[in-house]
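Counting from 1, the numbers follow the sequence of the chain as shown.
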Amino acid sequence: MKTLISLMIIVAALDIVALRAQSDRPFIGADMIVFNARITTQSLTQPEASALAVKRGRIYAVGTDAEILGLKDNTTKVIDADGRRLIPGLMDAHVHVLNERNYNYNVRWDGVPTLERALEMLSEQAKRTPEGQWVKVIGGWSPYQFKENRYPTMEELRKAVPNRPSIVQYAYNRAFLNELAMKAVGVGTPRFPMFPGTVLEKDSQGNYTGVVDAYTFTFSTMEGMAPQPSFEEQVNSLTYVINDLNRFGVTSVIDAGSHWGYPEAFAPLQSLIKNNRLNIRVPFIDLQFSDVSGGTLVDAEIEAITRKAPISPGENIHPTMEHGYEYEGTGEVLRLALHDHENFDRPAVIVDKDSMRLYIEEDVTKLVKRRIPFREHISYNENITPFLDALEKVNRQTPFDGLRWSIEHAETISPENIERVKKLGGGIALDDKMALHGDGFIKTYSREKALHTPLLRRLVDSGIPLAMTTDGFRASSFNPWIGIGWTVSGKSVSGSEILAKENRLTRQEALKLFTLGAAWFSHDEHEKGRIAPGNLADFALLSADYFTIPEDEIKDVSSVLTVVDGRVVFGAGKYSSLAPRLSEVIPAWAPIKYFGGYYNTKSRVGRRN
């Protein structure tokens, strides 16, 4: 008995010594703490909080101010949110970042409220653009956003830019070229890229006016005929592209394919990574658009990732940031002949059904056998039906077995096809083009059809993997809040009602499509989209309280503080000093230097409630 008591005393003494030793150890605090916030966590276990703590790029504690401030030490960066709304970082699951290597060369009309001001911007830029360069507006705007509610006229554009080649491009629908630009691209000559569907407007005398109505491939080719940036300018452009995304609280994107394929297309991005200046996560899908080498796009993709620069689906090749630079498969075009260009100013492009079934069966079989995820651009239900016919046949012969795939855009998908996609384990990445171009859709199809395009309520209620995206920077603006505002208010940029009340979303649902919903498409829904312990430290502090401001003001929301991987990457107002300093814009005459990438964003730090 005495021996047992002695043993117990010894054990107790050792416990006391251990506790004292622990208390003598230095306390290790958080890398960053944000407090005094209104946090929307999107976590069912803890829907709201006021503070969070970050360590090594991940959130490790969420709670009250008192609880979280107790985790700071002398090295902790402590940020007072000043009562503002904090949300998980936005993720744009379909945007074309790598196509913007010439971003600095372009005048951005995104968000410009009047045509008068838009034309003034062109006139100002024409005076500083050197000889040999162009004055360009390449997508991101809509005539319906202007107070004047119309396109510019050729006379107005010639007056604004009298002595430099000029192109003003509206989405992938229409372009306006002055005489110098028409000469440069060879309008009326064999040099001009007359892809199917291209129409060159002529006046009553038979002369070309400079108005070009066409589809995607025509506009992409024309842009390649304009002066191109140097490598240094490409890297600088991507720096400002990413900064403008961060400005709206975007912390992660899926690059949905560029004009140049992997690995060559990623050289500017790799330069940012090398210099620790990549301030956004970039999972990507690859499109070997520029090199089919006599085969198909899918054959070229397989060649690229198995022989040219081997990489596995899901492999992250960023040296320090998780999901920083990660291969997510191929798309959004598997065959050029199957591309149903969405141009709401024209009737739907309907692909031959037999061709769709034949080519998709052939291409997708190759991808499934190699476990390569795939995404296909299909806007119209008439094309979705034969596409799904082919996928169902492939799945019977070569089971997908959990392989993730998706339809991109799917504006007019039917209830029946929604269920077919769900049964096959696929997802749908919608886009917000109806917010910018819905007024044109009404003219082409009818208001009644627009009110239920897409079937937002049915899609959300179906439980299918679902994201809302921008498809920026050409087909639409890169500002996700335009789309969020449209899904909630039902209004386009003109103020027109284009979504029926029963087809709209709650603010919570709309936010999830740009966060949790989007994360499924990059296989990281368990690490993104929530403010919760273990999740990646990606979040944004908003300029106004998204959940309480009037619906018409949602489109004007931006971020005052954006954090990626536990690092401040963007700050405005009182938080501007926390953000990294950007390199000077090059070239010195670049429109981005004078107008920025989005109209009047500097004035966006508004009220908190």
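Atom NZ of Lys528 is surrounded by more than 12 heavy atoms from other residues, nucleotides or ligands within 6.0 Å. At most 12 non-hydrogen atoms from other residues, nucleotides or ligands lie less than 6.0 angstrom from CD of Glu232. Heavy atoms of other residues, nucleotides or ligands lying less than 6.0 angstrom from NZ of Lys147 number 12 at most. More than 12 heavy-atom neighbours from other residues, nucleotides or ligands sit within 6.0 angstrom of CD on Glu551.
Thr251 meets the side-chain hydrogen bond (donor to acceptor under 3.5 Å, both in side chains) test with no other residue; sequence neighbours excluded. Taking Arg507 as the reference, nothing meets the side-chain hydrogen bond (donor to acceptor under 3.5 Å, both in side chains) condition, with sequence neighbours excluded. By the side-chain hydrogen bond (donor to acceptor under 3.5 Å, both in side chains) test, Gln234 is found to be paired with Arg101, residues two or more places apart in sequence or in another chain being considered. Applying the salt bridge (charged side-chain N to carboxylate O under 4.0 Å, His left out) rule to Glu148 yields no partners; only residues at least two apart in sequence or on another chain are considered.
Residues Leu86 and Thr40 are not in side-chain contact: their nearest non-hydrogen atoms beyond the backbone lie 4.5 Å or more apart. With contacts defined as side-chain heavy-atom distances shorter than 4.5 Å, the pair Ile280/Val250 qualifies. Side-chain contact between Ser576 and Lys574 is absent, with no heavy atoms from C-beta onward closer than 4.5 Å. Annotation: side chain of Thr198 is not in contact with side chain of Asp213 (no heavy-atom distance under 4.5 Å). You'll find the side chain of Val187 reaches within 4.5 Å of the side chain of Leu200, heavy atoms only.
At distances below 3.5 Å, at least one donor-acceptor pair connects side-chain atoms of Trp481 with backbone N or O atoms of Phe248. Not one N or O on the side chain of Thr562 forms a donor-acceptor pair closer than 3.5 Å with the backbone of Val569. A donor-acceptor pair is defined here as one N or O able to donate and one able to accept, closer than 3.5 Å; no such pair exists between the side chain of Glu156 and the backbone of Leu119. The backbone N or O of Leu98 sits less than 3.5 Å from a side-chain atom of Asp255, completing a donor-acceptor pair. Remark: side-chain polar atoms of Asp92 are paired, donor with acceptor, to backbone N or O of His94 under 3.5 angstrom. One N or O on the side chain of Ser543 and one on the backbone of Ser558 form a donor-acceptor pair closer than 3.5 Å. A donor-acceptor pair is defined here as one N or O able to donate and one able to accept, closer than 3.5 Å; such a pair exists between the side chain of Asp80 and the backbone of Asp82. Of the possible donor and acceptor atoms, one in the side chain of Thr239 sits under 3.5 Å from a partner among the backbone N and O of Val235. Looking at Arg164, its side chain does come within 3.5 Å of a backbone N or O of Pro130 through a donor-acceptor pair. Here the side chain of Glu100 pairs no donor or acceptor atom with the backbone of Asn102 at under 3.5 angstrom.
In summary, of the residues considered (Arg504, Lys491, Arg447), a salt bridge (charged side-chain N to carboxylate O under 4.0 Å, His left out) with Glu497 occurs for Arg504 alone.
Between Tyr380 and Tyr445, the ring-plane angle classifies as tilted under the 30° and 60° cut-offs. Aromatic ring pairs are classed by plane angle as parallel below 30°, tilted from 30° to 60° and perpendicular above 60°; the pair Phe146 and Trp109 is perpendicular. Taking the six-membered ring for Trp and thresholds of 30 and 60 degrees, Phe176 and Tyr151 have ring planes inclined between 30 and 60 degrees apart. The aromatic rings of His341 and Phe217 lie perpendicular to each other, with more than 60° between the two planes, well past the 30° mark.
Between Glu408 and Arg375 there is a salt bridge, since at least one side-chain N of the basic residue sits less than 4.0 Å from a carboxylate O of the acidic one. Salt bridge annotation for Arg474-Glu223: present, with a cationic side-chain nitrogen under 4.0 angstrom from a carboxylate oxygen. Ionic pairing of Glu120 and Arg117 is present here: one or more N-O contacts between side-chain nitrogen and carboxylate oxygen are shorter than 4.0 angstrom.
The heavy-atom pair separating Ile484 from Ala510 by the smallest distance is CG2-CB, 4.1 Å. Looking at every heavy atom in both residues, Asn178 comes nearest to Pro165 through OD1-CA, 3.6 Å. Tyr172 and Ser220 make their closest contact through CE2-OG, 4.1 Å (heavy atoms, listed as atom of the first residue, atom of the second, distance). Scanning all heavy atoms of the two residues, the minimum distance from Leu451 to Asn503 falls at O-ND2, 3.2 Å. Heavy-atom minimum distance, Thr515 versus Gly89: CG2-O, 3.6 Å. Minimum heavy-atom separation, Arg108 to Gly597: CB-O, 3.4 Å.
There is no side-chain donor-acceptor pair under 3.5 Å between Thr412 and Thr453. Side chains of Arg247 and Ser559: a donor-acceptor N/O pair is absent below 3.5 angstrom, by distance only. A side-chain N or O of Thr129 and one of Gln125 form a donor-acceptor pair less than 3.5 Å apart. Under 3.5 Å, the side chains of Ser477 and Asp110 contain a donor-acceptor pair of N or O atoms. Looking only at atom types and distance, the side chain of Asn479 has a donor-acceptor partner in the side chain of Tyr598 under 3.5 Å away. At a cut-off of 3.5 Å, with distance as the only test, a side-chain donor of Asn279 or Arg567 sits close to an acceptor on the other residue. A donor atom on one side chain and an acceptor atom on the other are found under 3.5 Å apart for Asn236 and Ser583.
The side chain to side chain donor-acceptor pair (under 3.5 Å) contacts involving residues 429-442 comprise Tyr170-His437, Glu342-Lys433, His409-Asp431, Asp431-Lys433, Asp432-Ser476, Lys433-Asp471, Asp439-Ser492, Asp439-Ser494, Asp439-Ser496, where partners must be two or more places apart or lie in separate chains. Listed by first then second residue, pairs satisfying salt bridge (charged side-chain N to carboxylate O under 4.0 Å, His left out) with a partner in residues 183-203 number zero, not counting sequence neighbours.
Taking the six-membered ring for Trp and the full ring otherwise, Phe266 and Phe284 have centroids separated by under 6.0 Å. For Phe473 and Phe478, the ring centers sit closer than 6.0 Å to each other.
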Could you walk me through whether Asp545 and Arg84 pass the salt bridge (Lys or Arg N to Asp or Glu O under 4.0 Å) check?
CA-CA 7 Å; Asp545 192 336; Arg84 293 186 180 276; over 6 Å; no

What verdict does the side-chain contact (heavy atoms from CB on, under 4.5 Å) test give for Thr469 and Leu430, after you've listed the backbone C-alpha separation in whole Å, the side-chain angles of each residue and the deciding distance to 0.1 Å?
CA-CA 6 Å; Thr469 76; Leu430 300 170; over 6 Å; no

Could you walk me through whether Arg174 and Asp345 pass the side-chain contact (heavy atoms from CB on, under 4.5 Å) test, one step at a time?
CA-CA 9 Å; Arg174 174 174 289 186; Asp345 295 331; 5.8 Å; no

Would you sort out whether Val488 and Thr506 count as a side-chain contact (heavy atoms from CB on, under 4.5 Å), showing the intermediate values?
CA-CA 6 Å; Val488 173; Thr506 67; over 6 Å; no

Decide side-chain contact (heavy atoms from CB on, under 4.5 Å) for Met321 and Val564; before the verdict, give the C-alpha distance in whole Å, the side-chain angles of both, and the deciding distance to 0.1 Å.
CA-CA 10 Å; Met321 183 162 62; Val564 175; 4.1 Å; yes

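Judged by the 6.0 Å distance and 45° axis criteria, Arg128 is positioned over the aromatic ring of Tyr594. Cation-pi contact between Arg346 and Tyr215: present, with separation from the ring centre below 6.0 Å and deviation from the ring axis of at most 45°.
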